[in-house]
**Student:** 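If you scroll down you'll find the structure; I have some questions about it.
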Amino acid sequence: MATYTSSQVSSHRVRGNWRGGAFVVTGSIDLTTALAVGDVVELCQVPNGYEVVDVIVNAPKLDTGTTPTLAFSVGDSTSAARYISGSTIGQTGGVARTSAAGGTAYVNPIGTNNGQTSGGNAGATVIQLQCTAAAATWANGTVTCSVILMEGYGAFS
């Protein structure tokens with residue numbers, strides 16, 4: 001199992017919003033190696049304590065086989081399919097959004113994780129894609145993830 005990391009995650013910079021209201025955290029990665037089952041792609045880090053309103057993944061056609069098989073889930077290290085389960089957008093190209101039960105309104109608990117760089121250290125969680133079925137014929141491409149967040153219920157009170 002390999003792990004691929006976006007520059008947003010490797011920079012350890014996490015954007016928070018200490019003024020209230022919704023905000024977006026985005027990360028992208030150029031995938032130039034075929035994903036195998038179990039491979040993890042770390043897409044972006046989100047600050048803990050905020051409510052996840054939506055996770056949106058945009059991927060090109062990464063599987064050009066005549067019978068494509070590529071599938072993935074999107075979640076975190078605790079739950080690989082917390083937000084999206086069994087997506088096949090890598091077979092055709094497109095957008096997948098939060099569809100897993102409990103994914104919308106999920107609040108990553110405040111803990112001692114590293115990553116938050118201002119506004120206190122509530123920690124951060126990496127949103128990651130995990131390959132659940134390998135591509136029949138791999139094609140390189142850029143995958144982007146945007147996470148819409150807002151102040152979670154009781155997050156900082």
Side-chain angles (χ1 to χ4, degrees), residues 1-17 22-109 111 113-117 123-150 152:
M1 176 174 71
T3 300
Y4 304 93
T5 305
S6 74
S7 58
Q8 192 272 354
V9 173
S10 62
S11 74
H12 301 291
R13 292 197 166 275
V14 180
R15 178 178 181 260
N17 182 13
F23 64 104
V24 178
V25 174
T26 299
S28 63
I29 187 167
D30 295 326
L31 295 176
T32 58
T33 302
L35 296 178
V37 173
D39 282 357
V40 171
V41 180
E42 296 179 330
L43 295 167
C44 62
Q45 282 186 316
V46 297
N48 289 344
Y50 290 92
E51 184 175 325
V52 174
V53 176
D54 201 1
V55 174
I56 304 162
V57 176
N58 187 339
K61 185 174 185 173
L62 298 169
D63 187 344
T64 59
T66 55
T67 306
T69 54
L70 181 64
F72 59 79
S73 293
V74 178
D76 54 44
S77 63
T78 304
S79 176
R82 184 177 308 283
Y83 303 109
I84 300 169
S85 179
S87 176
T88 57
I89 64 166
Q91 295 178 14
T92 58
V95 174
R97 297 183 80 152
T98 302
S99 58
T104 299
Y106 182 76
V107 178
N108 290 298
N113 299 338
N114 294 325
Q116 197 155 315
T117 58
T125 296
V126 174
I127 304 300
Q128 60 189 30
L129 175 152
Q130 185 170 32
C131 181
T132 57
T137 306
W138 180 259
N140 296 341
T142 301
V143 176
T144 301
C145 178
S146 296
V147 182
I148 302 170
L149 300 146
M150 62 184 299

**Student:** Is a side-chain N or O of Gln8 found less than 3.5 angstrom from the main chain of Gln45, in a donor-acceptor match?
**Tutor:**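 Flag set: sc Gln8 to bb Gln45 pair under 3.5 Å.
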**Student:** Can you find a heavy atom in the side chain of Ile56 that is under 4.5 Å from one in the side chain of Ile148?
**Tutor:**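 With C-beta onward as the side chain, the pair touches.
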**Student:** Search all heavy atoms of Val107 against all heavy atoms of Gly49 and return the closest pair with its distance.
**Tutor:**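 Closest approach of Val107 to Gly49, heavy atoms only: CG1-C, 3.7 Å.
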**Student:** Where the side chain of Thr137 meets the backbone of Asp63, is there a donor-acceptor pair that is under 3.5 Å apart?
**Tutor:**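 Flag not set: sc Thr137 to bb Asp63 has no pair under 3.5 Å.
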**Student:** Could you check Val126 against Ser77 for side chain to side chain contact (heavy atoms under 4.5 Å, CB included), going step by step and ending with a plain yes or no?
**Tutor:** CA-CA 7 Å; Val126 174; Ser77 63; over 6 Å; no
**Student:** Where do Ala133 and Val37 come nearest, in terms of heavy atoms and distance?
**Tutor:**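 Heavy atoms only, the tightest pair is CA-CG2, 3.9 Å.
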**Student:** Kindly compute the distance separating OG1 (Thr26) from CG (Leu43), expressed to the nearest 0.5 Å.
**Tutor:**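 With rounding to 0.5 Å, OG1 (Thr26) is 10.5 Å from CG (Leu43).
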**Student:** Determine whether the side chains of Thr98 and Asp54 contain a donor N or O and an acceptor N or O closer than 3.5 Å.
**Tutor:**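 Result is yes, a qualifying pair exists.
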**Student:** Indicate the atoms forming the closest heavy-atom contact of Ala36 with Ala134, along with that distance.
**Tutor:**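 Heavy-atom minimum between the residues: CA-CB, 4.5 Å.
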**Student:** For the backbone of Gln128 and the side chain of Glu42, can you confirm whether one donor and one acceptor N or O come within less than 3.5 Å of each other?
**Tutor:**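 A pair under 3.5 Å: no.
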**Student:** Nearest heavy-atom pair of Ser85 and Ser73: which atoms, and what distance?
**Tutor:**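 Of all heavy-atom pairs spanning Ser85 and Ser73, the closest is CA-OG, 3.6 Å.
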**Student:** Kindly indicate, with the supporting measurements, whether the criterion side chain to side chain contact (heavy atoms under 4.5 Å, CB included) is fulfilled by Leu62 and Val143.
**Tutor:** CA-CA 9 Å; Leu62 298 169; Val143 176; 4.0 Å; yes
**Student:** Just so I know, are the side chains of Thr142 and Pro60 near enough to count as touching, which here means a heavy-atom distance under 4.5 Å?
**Tutor:**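 A side-chain contact under 4.5 Å is absent here.
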**Student:** For the CD atom of Gln130 and the CG atom of Asp76, what is their distance to the nearest 0.5 Å?
**Tutor:**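 So the CD of Gln130 and the CG of Asp76 are separated by 11.0 Å.
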**Student:** Does any donor atom in the side chain of Thr125 or Asn48 lie under 3.5 Å from an acceptor atom in the other side chain?
**Tutor:**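 Distance-only check passes for Thr125 and Asn48.
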**Student:** Do the side chains of Leu31 and Val41 get nearer than 4.5 Å, heavy atoms only?
**Tutor:**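 SC-SC contact between Val41 and Leu31 confirmed.
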**Student:** State, yes or no, whether a side-chain contact exists between Pro47 and Phe23 at a heavy-atom distance under 4.5 Å.
**Tutor:**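 Contact flag for Pro47/Phe23 side chains = yes.
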**Student:** Could you tell me whether a side-chain N or O of Thr132 sits under 3.5 Å from a main-chain N or O of Ala71, the two making a donor and an acceptor?
**Tutor:**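 Side chain of Thr132 to backbone of Ala71: a pair is present.
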**Student:** For a 4.5 angstrom cut-off between non-hydrogen side-chain atoms, does Trp138 reach Leu70?
**Tutor:**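 The answer is yes, as the side chains (C-beta and beyond) meet within the 4.5 Å cut-off.
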**Student:** Out of the candidates Val40, Ile84, Leu35, Asp39, only one should pair with Leu129 under the side-chain contact (heavy atoms from CB on, under 4.5 Å) rule; please name it.
**Tutor:**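 For Leu129, the side-chain contact (heavy atoms from CB on, under 4.5 Å) test succeeds with only one of Val40, Ile84, Leu35, Asp39, which is Leu35.
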**Student:** Determine whether Ser87 and Val57 make a side-chain contact, defined as any pair of heavy atoms from C-beta on separated by less than 4.5 Å.
**Tutor:**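 Answer no - side chains too far apart.
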**Student:** Would you confirm whether Ser6, through its side chain, and Ile29, through its main-chain N or O, come within 3.5 Å as a donor-acceptor pair?
**Tutor:**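 Not confirmed, Ser6 side chain does not pair with Ile29 backbone.
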**Student:** If you take all heavy atoms of Thr5 and Ser10, which pair is closest and at what distance?
**Tutor:**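 Shortest heavy-atom separation between Thr5 and Ser10 comes out as CG2-N, 3.8 Å.
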